[in-house]
Every structure is written in C-alpha cells, then in structure tokens.
Amino acid sequence: MLFDRVKPLDAILLTAEKKGLHRSLGAFQLTMLGIGGVIGTGIFVLTSEAAQKAGPGMLLSFCVAGFVCAVAALCYAELASMVPVSGSAYTYTYAVVGELLAWMVGWALILEYAVGASAVAVGWSNHAVGLLKGLGVAFPNAISNADALNAKVLLSFGTAPTPDLLTALNTGGWINIPAVVITGVITWLLIIGTTESARVNAILVAIKILALTAFVALTLPVLNSDHFNSLSEPFLPTGTSGVFGAAASIFFAYVGFDAVSTAAEETKNPQRNVPIGLIASLSICTVFYLLVASGAIGAIGAQPLLGANGLSLAPGSAEMAGRCVSVVAKGAIEPLVCSKEALVHVLDVIGHPGVGRLVGLAAVIALPSVVLIMMFGQTRVFFTMARDGLLPDRLASVHSRYRTPHVVTLVTGLGAAVAAAFLPVGKLADYSNSGTLFAFMMVAISVMVLRKTDPDRKRPFRTPAVWLIGALTIVGCFYLYISLPLTAILVLPGWGILGLIIYFFYSRAHSHVGRGIV
Ligand SMILES: NC(=[NH2+])NCCC[C@H](N)C(=O)O
C-alpha cells in the first residue's frame with residue numbers, strides 16, 4: 001500500500017515533549033515573528049510586477065492573494081494548535097495523510113524556501129545597488145543582474161531578435177553579484193549558529209512598518225484618481241486573467257506567516273497564541289499592502305507595457321528589460337512597472353528622494369532577515385525529514401564546534417546563490433509560490449481528513465466552517481497555481497518527479513516509520 005504509512009500524532013507530540021524547548025514566546029512576539037517573515041521583497045519589489053500583469057487592477061490581485069492566504073492560515077492554525085511542534089506542513093501531513101504525501105510536501109517546502117530565499121536576495125540586491133547609486137557610487141550594471149544572459153539564452157534557442165531583446169543583450173548584465181554575496185553571508189551566519197533573537201526581529205519589523213507608513217503618508221495626499229480608471233488608464237488593462245496572474249505572483253508578498261507555526265514548540269500556551277499570531281500578522285500585513293498598492297497606483301499610475309501583439313510583456317523577461325531601457329532612453333519617466341525597487345522609485349518621482357533613500361535603506365537592513373528566516377526554515381524541514389530517516393543522516397550531520405547542520409546549510413546556500421545569480425526576482429518568486437501553494441493545499445486536505453478520522457482529539461483552535469474554508473483554500477490555491485506563468489507551473493511537477501525518484505530509491509526503504517522505529 002502506498003498511503004498506509006502514517007506517523008501517529010501521539011508519537012509526534014511525544015518527541016516534542018521530550019525535547020522540551022523553553023516556552024517563552026507570547027502572542028505579541030509571535031505576531032511580530034509573523035510580520036518579520038512576511039514583509040519583504042514582495043511588497044518592496046514585486047509591486048511593479050503585479051502592476052505589469054494587472055495594471056491598477058492589481059488592487060484586486062492583492063485582495064485575492066490575501067484572501068487565499070487568510071483561508072489557508074485558518075487551516076494552518078487548527079493544525080498548528082493541535083500539533084504544536086516544529087516542521088510545519090511536513091509534520092502535519094505525515095500524521096494525517098501519510099509518508100508519501102508528507103514527503104512530497106517536505107520536498108515542495110525545500111523548493112519554496114530555497115528559491116524563495118533567492119528571490120528575496122535579488123530584491124535586496126536591487127535595493128543595495130539603488131542605494132549605492134543614490135550615494136553616487138555606480139555599481140557596474142554588468143554584474144548586478146542577468147538580463148543580458150537571459151536574452152542571450154533566448155536568442156541562442158532561436159527566439160526572434162526583437163529590438164527589445166537586442167537592447168537587453170546590449171545593456172543588461174550577466175550575473176547578480178550582490179545577490180550572491182548576501183546569500184553567502186547569510187549561509188555563513190547560519191553555519192556559525194546565528195539565529196535571530198525576538199528582539200532583533202522586533203526592531204526590524206518596526207523599521208519595515210515605519211518605511212511602509214512613510215510611503216503611505218506621502219503618497220495618499222497626492223493620489224490622482226485618473227490613475228485608477230480613466231480613458232487613457234483603464235482599471236483592468238489586461239482583464240480578469242491579468243488580475244489572477246498578478247495575484248498568483250503577489251501571493252509571494254503574503255507568505256511567511258508560517259514562521260509562526262514553526263515556533264510553536266517555543267510558545268507559551270500555543271493553543272491560544274499560535275492562531276492569534278498567524279491571523280494577526282496576516283491581517284496587519286494585508287491592511288498595509290492595500291494602502292501601499294493604492295498609494296503607488298494613485299501617485300504615478302500603474303499601466304503595463306504592451307508587446308507587439310497587444311498583450312502585456314512578461315515581467316522579468318529580457319524583452320521587458322529591453323523595453324524599459326528604451327522607454328527611459330526616450331526621455332520618459334521610468335514607469336512603475338519597470339522599477340526594480342518599486343516603492344523607492346515612486347517616492348523619487350513624487351519629489352521625496354530623501355525619504356525614498358531611507359525606505360531603500362530600510363529594505364537593505366531588513367530583507368536579509370527574511371532570507372535568514374527562510375533558509376533557517378529550510379534546514380529545519382530538511383533536518384526533520386532526515387530525523388525521520390527519509391534523507392541520509394549524514395546530510396543532517398551537526399558541526400562539531402558550531403552545533404549547526406552545516407552540510408544542509410551549505411548545500412542550501414549554494415543552490416540559492418546559483419538561482420539568485422542568474423534568474424530575475426519575479427521568476428524566482430513564481431517558482432517558490434508553486435511549492436507554497438502545493439503545501440497549503442495539502443494542509444487544507446489534512447485538516448479536513450483529520451476531522452473525519454480523529455474527530456475527538458482536542459482542537460484548541462477550530463477552523464470555523466471547516467468544510468467551506470478548507471474547500472476555498474484548495475480551490476483558491478489551485479486556481480492561483482494554474483494562473484502562474486507556464487514555466488512556474490512546470491517547475492512543481494518537474495521537481496516532484498525528482499522527489500519521487502529519491503523517495504522510491506532511498507527514502508521508502510530507510511524510513512523510520514517504515515522500519516517500525518517510531
Ligand atoms: N515561506 C516563504 N515562502 N516565505 C517567503 C516570504 C517572502 C516574503 N513574504 C517577502 O515578500 O519577501
């Protein structure tokens with residue numbers, strides 16, 4: 001039987017009890033932890049990608065993505081309150097739908113975290129380069145993005161040499177060095193055992209909130225309603241499919257609240273505080289995002305750039321990069337959709353370059369912690385999978401002096417650095433989202449299955465209207481998944497097939513549950 005290997009919930013709870021981490025976090029710290037993991041490259045950078053896909057209609061995309069995350073968070077909260085142990089979605093599914101699907105979830109989480117870390121690293125790179133430029137230091141373009149490389153690859157595969165593509169080839173860069181450097185530094189910090197204290201996290205959250213508040217305060221007064229909907233600037237320039245496409249990408253901006261559930265083992269009264277932390281952090285971020293998106297649209301407009309066929313150019317593509325260069329070369333103000341640091345750019349255009357620089361500085365200071373949280377989460381998932389025998393013990397070996405899983409960390413860091421070096425931020429975020437959407441779907445399925453198979457177990461937090469909320473999570477995640485660009489849709493099954501091969505050739509035979517050692 002394929003689906004029969006389940007790790008009993010009680011065994012999971014027992015392991016956690018034995019390990020006995022100190023329970024010190026309360027609802028407030030958890031909420032801060034959630035916000036710390038959520039606000040990042042998504043809102044600071046991908047806002048321009050959302051505009052390119054949906055125009056001003058990206059406001060709806062922010063609502064759709066926020067809604068899908070909210071229903072998913074309600075499902076997450078029930079499992080996190082029942083099984084307050086680390087390992088998150090992987091651990092929950094192991095207990096409910098069995099080893100094979102749990103393996104697939106863990107495997108998807110590895111994709112999500114590693115590629116997500118690269119996406120945030122590229123977002124950081126954009127801001128670091130922009131900040132240096134503001135200070136009069138021109139960081140060489142050739143080594144701060146990979147637009148020329150991407151154009152070259154397309155051309156050598158026979159794509160027609162459009163003017164935009166040729167511009168990208170001639171003006172773009174070949175490798176994103178700042179993104180590689182920050183990934184390397186974070187990897188090193190994790191290897192020597194750096195974890196972020198709750199206090200450092202709280203300071204960084206305050207910095208991010210301050211930056212977003214300043215942005216909203218300066219943009220809302222100059223709001224021009226023509227930018228939202230007028231003859232020359234339609235609200236839905238790309239129709240509803242554009243809205244959902246943008247929602248699938250901007251989904252990235254909302255995820256990260258799962259950091260709360262990974263801290264469940266260290267939480268006081270987790271049954272009460274974990275759901276509060278999940279839902280509060282997500283609500284606060286949603287309010288800020290809607291305000292920030294409205295401010296950006298209302299201040300400078302958000303119309304997409306269209307290709308020769310009348311469709312909007314794919315954000316992050318080499319064509320798009322080339323088009324942006326030529327638009328600016330013709331003397332126009334850089335449109336929102338071209339900006340690599342959306343919020344800083346808006347402030348520049350409306351005459352607040354000084355505050356813009358501070359917002360850029362806030363991103364440069366705070367984004368590395370999002371990378372750290374994600375790479376840390378990745379090693380935790382990997383570690384738990386190895387502890388269950390599904391991955392080789394040796395990979396999860398602990399450094400003798402630093403007492404950290406240095407091998408996994410190094411492998412993760414290398415993978416993330418390579419991805420960050422050569423891929424644009426939007427594509428990385430989309431790939432990461434495909435993994436997250438799969439994991440969220442499995443969490444919703446697990447909650448519903450568990451209500452049937454184990455109805456009497458204590459549920460300190462119960463997902464309200466679980467059959468409706470669970471179904472909405474599944475449908476919502478699936479719809480966002482199929483709204484992703486084709487390459488991102490294909491990444492998940494590709495990665496999944498690799499995972500299945502490893503499972504059937506290694507993990508199945510080595511699994512502790514399979515060998516009866518639980
Ligand atoms: N678990 C994750 N996929 N985390 C990604 C967090 C990304 C974060 N929301 C950002 O916009 O930078």
Side-chain angles (χ1 to χ4, degrees), residues 21 25 29-45 69 73 76 80 86-90 109-124 179 182-209 251-267 274 277-278 280-282 284-285 362-384 404-405 408-409 412-413 415-417 419-420 425 428-429 432-433 435-436 439:
L21 288 172
L25 302 172
Q29 280 113 322
L30 278 189
T31 307
M32 295 301 264
L33 197 68
I35 301 179
V38 170
I39 298 181
T41 281
I43 191 72
F44 280 95
V45 179
C69 282
Y76 237 94
S86 54
S88 112
Y90 161 75
L109 288 177
I110 292 177
L111 174 75
E112 166 190 344
Y113 286 137
V115 181
S118 341
V120 183
V122 175
W124 180 87
I182 193 69
T183 315
V185 170
I186 301 282
T187 306
W188 177 73
L189 285 175
L190 283 171
I191 288 178
I192 62 168
T194 313
T195 54
E196 196 177 86
S197 68
R199 176 175 310 154
V200 171
N201 178 60
I203 295 173
L204 296 177
V205 168
I207 291 176
K208 290 194 277 197
I209 296 270
F251 175 76
F252 189 80
Y254 286 95
V255 286
F257 56 84
D258 37 322
V260 173
S261 67
T262 49
E265 264 181 70
E266 286 136 85
T267 302
V274 168
L278 281 170
S281 53
L282 192 57
I284 293 172
C285 293
V364 168
I365 293 174
L367 293 195
S369 108
V370 182
V371 181
L372 187 121
I373 293 174
M374 258 188 290
M375 289 188 40
F376 184 76
Q378 209 274 27
T379 57
R380 278 287 172 97
V381 171
F382 207 97
F383 202 72
T384 321
T404 53
V408 208
T409 310
T412 309
V425 55
L428 292 168
S432 174
N433 286 351
T436 318

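Below, all heavy atoms of this structure are taken into account, side chains as well, without hydrogens, waters or symmetry copies.
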Checking side chain to side chain contact (heavy atoms under 4.5 Å, CB included) for the pair L109/Q378: CA distance, chi angles, key distance, verdict? CA-CA 7 Å; L109 288 177; Q378 209 274 27; over 6 Å; no

Please give me the minimum heavy-atom distance between S432 and F252, naming the atom from each residue. OG-CE1, 3.7 Å

CG of L282 to OH of Y76, rounded to nearest 0.5 Å, is 12.5 Å

To the nearest 0.5 Å, atom CD of Q29 lies from atom CZ of R199 at 11.0 Å

Between atom CZ of F376 and atom CZ of F383, what is the distance when rounded to the nearest 0.5 Å? 10.5 Å

Can you sort out the partners of Y254 under ring-ring contact (aromatic ring centres under 6.0 Å, His included), two or more places apart, ordered by chain and number? Y289

Residues forming a side-chain hydrogen bond (donor to acceptor under 3.5 Å, both in side chains) with S369, sequence neighbours excluded: E196

If you compare all heavy atoms of I191 against all heavy atoms of T404, which two are closest, and at what distance to 0.1 Å? O-OG1, 2.6 Å

Who pairs with T41 by side-chain hydrogen bond (donor to acceptor under 3.5 Å, both in side chains), at least two apart in sequence or on another chain? none

Check whether any side-chain heavy atom of I39 sits under 4.5 Å from a side-chain heavy atom of V205, and report yes or no. no

Inter-residue atom distance T187.OG1 - I192.CD1, 0.5 Å rounding: 11.5 Å

Test item: S281 side-chain N/O and G34 main-chain N/O as donor-acceptor pair under 3.5 Å: no

Minimum heavy-atom separation for A363 and P368, please, with both atom names. O-CD, 4.1 Å

State the CG-CG distance between L111 and N433, to the nearest 0.5 angstrom. 10.0 Å

Among residues at least two apart in sequence or on other chains, which ones pass ring-ring contact (aromatic ring centres under 6.0 Å, His included) with F251? F440

So which heavy atom on A121 is nearest to which on I182, and how close? CB-CG2, 3.7 Å

Checking side chain to side chain contact (heavy atoms under 4.5 Å, CB included) between L190 and each of L372, T412, V408, which is the one that passes? L372

Minimum heavy-atom distance A429-A119, with the two atoms named: N-CB, 3.9 Å

Would you name the heavy atoms of A366 and K208 that are closest together and state the gap between them? CB-CG, 3.4 Å

Tell me, please, which residues at least two apart from I284 pass side chain to side chain contact (heavy atoms under 4.5 Å, CB included). T31, I35, F288

Would you check if V38 and V255 make a side-chain contact, meaning some heavy-atom pair closer than 4.5 Å? no

Those residues that, when tested against A117, pass side chain to side chain contact (heavy atoms under 4.5 Å, CB included) (two or more places apart): V371, M374, M375

In Å, rounded to the nearest 0.5 Å, how long is the span from OG1 of T436 to OH of Y113? 8.0 Å

